[in-house]
Enquirer: 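Below you will find the structure I want to go over with you.
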Amino acid sequence: MALKRKTKINAAFSMASMTDVIFLLLIFFMVTSTVVVPNAIKLTLPQAQKQTAAKPLTRVTIDAAGKYYVAAGKQRERMVTFDEITPFLQEQYAQEPDMFVALYADETVPYKEIVKVLDIANENKFKVVLATRPPSHRP
């Protein structure tokens, strides 16, 4: 005597939960990939105990030779004279009033060069963040 099941087993696989996982991974990688801003200028930043997690919109860089570079957003740094820094920052401020400036300076740069850039920011009421490297942890 042959017995038949009254319910059939469906061999289909539901992809609903898989698409949720893939969507979450996509969001995670999109958010983390926008945090990294490559810096092609070789600098040895001074060390600090705390690091900021804020993402700068505009960057001013002073290398060990005392050359100035500026960049906005994901642009590549371009060399400028000191007199070109103020118009560049004012132009960026006009486009984005909530912007702040990240100042990258090699640790060998004289303090007076850093203060000159800070004065520009102070005169124009720009928010400034000084970029540093995290403390080295010795085992």
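Keep in mind it's a predicted model, so treat the numbers as computed, not measured.
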Enquirer: Report the distance from atom CZ of Arg76 to atom NZ of Lys74, rounding to the nearest 0.5 Å.
Expert: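 One finds 15.0 Å between CZ of Arg76 and NZ of Lys74.
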Enquirer: Check for me, please, whether Val109 and Val115 land in the same ILVMFWY cluster - side-chain distances under 4.5 Å, paths through other members count.
Expert: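 Shared cluster, no.
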Enquirer: Not counting sequence neighbours, which residues clear salt bridge (Lys or Arg N to Asp or Glu O under 4.0 Å) with Lys116? List them please.
Expert: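 Counting only residues at least two positions away or on another chain, Lys116 forms a salt bridge (Lys or Arg N to Asp or Glu O under 4.0 Å) with Glu113.
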Enquirer: Please output the side-chain donor-acceptor pairs of residues 91-102 that fall under 3.5 Å, not counting sequence neighbours, one pair per line with the distance.
Expert:
none

Enquirer: Which heavy atom in Ala121 sits nearest to a heavy atom in Val128, and how many Å separate them?
Expert: CB-CG2, 3.1 Å
Enquirer: Can you see which heavy atom on Phe126 is nearest to which on Ile120, and at what distance?
Expert: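 That would be CD1-O, 4.4 Å.
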Enquirer: Any side chain to side chain donor-acceptor pair (under 3.5 Å) involving residues 79-88? Give me the pairs, sequence neighbours left out, ordered by first then second residue.
Expert: Thr81-Glu84
Enquirer: Mind checking whether Ile62 and Leu103 have side chains closer than 4.5 Å, heavy atoms only?
Expert: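 They are in contact (side-chain heavy atoms under 4.5 Å apart), so the answer is yes.
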Enquirer: Without placing hydrogens or testing angles, list every side-chain donor-acceptor pair under 3.5 Å for residues 19-30, not counting sequence neighbours.
Expert:
{"unit_1": "Thr19", "atom_1": "OG1", "unit_2": "Met15", "atom_2": "O", "d": "3.4"}
{"unit_1": "Thr19", "atom_1": "OG1", "unit_2": "Ala16", "atom_2": "O", "d": "2.7"}

Enquirer: What residues, two or more places apart in sequence or in another chain, satisfy side-chain hydrogen bond (donor to acceptor under 3.5 Å, both in side chains) together with Asn124?
Expert: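 So Asn124 forms a side-chain hydrogen bond (donor to acceptor under 3.5 Å, both in side chains) with Gln90.
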Enquirer: Given side-chain contact (heavy atoms from CB on, under 4.5 Å), test Ile85 with Val80 step by step and report yes or no.
Expert: CA-CA 7 Å; Ile85 294 174; Val80 294; 4.0 Å; yes
Enquirer: Taking everything shown except Lys127 itself, do over 12 heavy atoms lie less than 6.0 Å from its NZ?
Expert: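 Yes.
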Enquirer: Is there a donor-acceptor pair closer than 3.5 Å between any side-chain N or O of Arg59 and the backbone N or O of Gln75?
Expert: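 Yes; at least one donor-acceptor contact below 3.5 Å.
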Enquirer: Which pair of heavy atoms, one from Asp63 and one from Asp106, lies closest together, and at what distance?
Expert: C-CB, 4.0 Å
Enquirer: Applying ring-ring contact (aromatic ring centres under 6.0 Å, His included), name anything that partners Phe88, two or more places apart in sequence or on another chain.
Expert: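 Checked Phe88 against ring-ring contact (aromatic ring centres under 6.0 Å, His included); zero matches.
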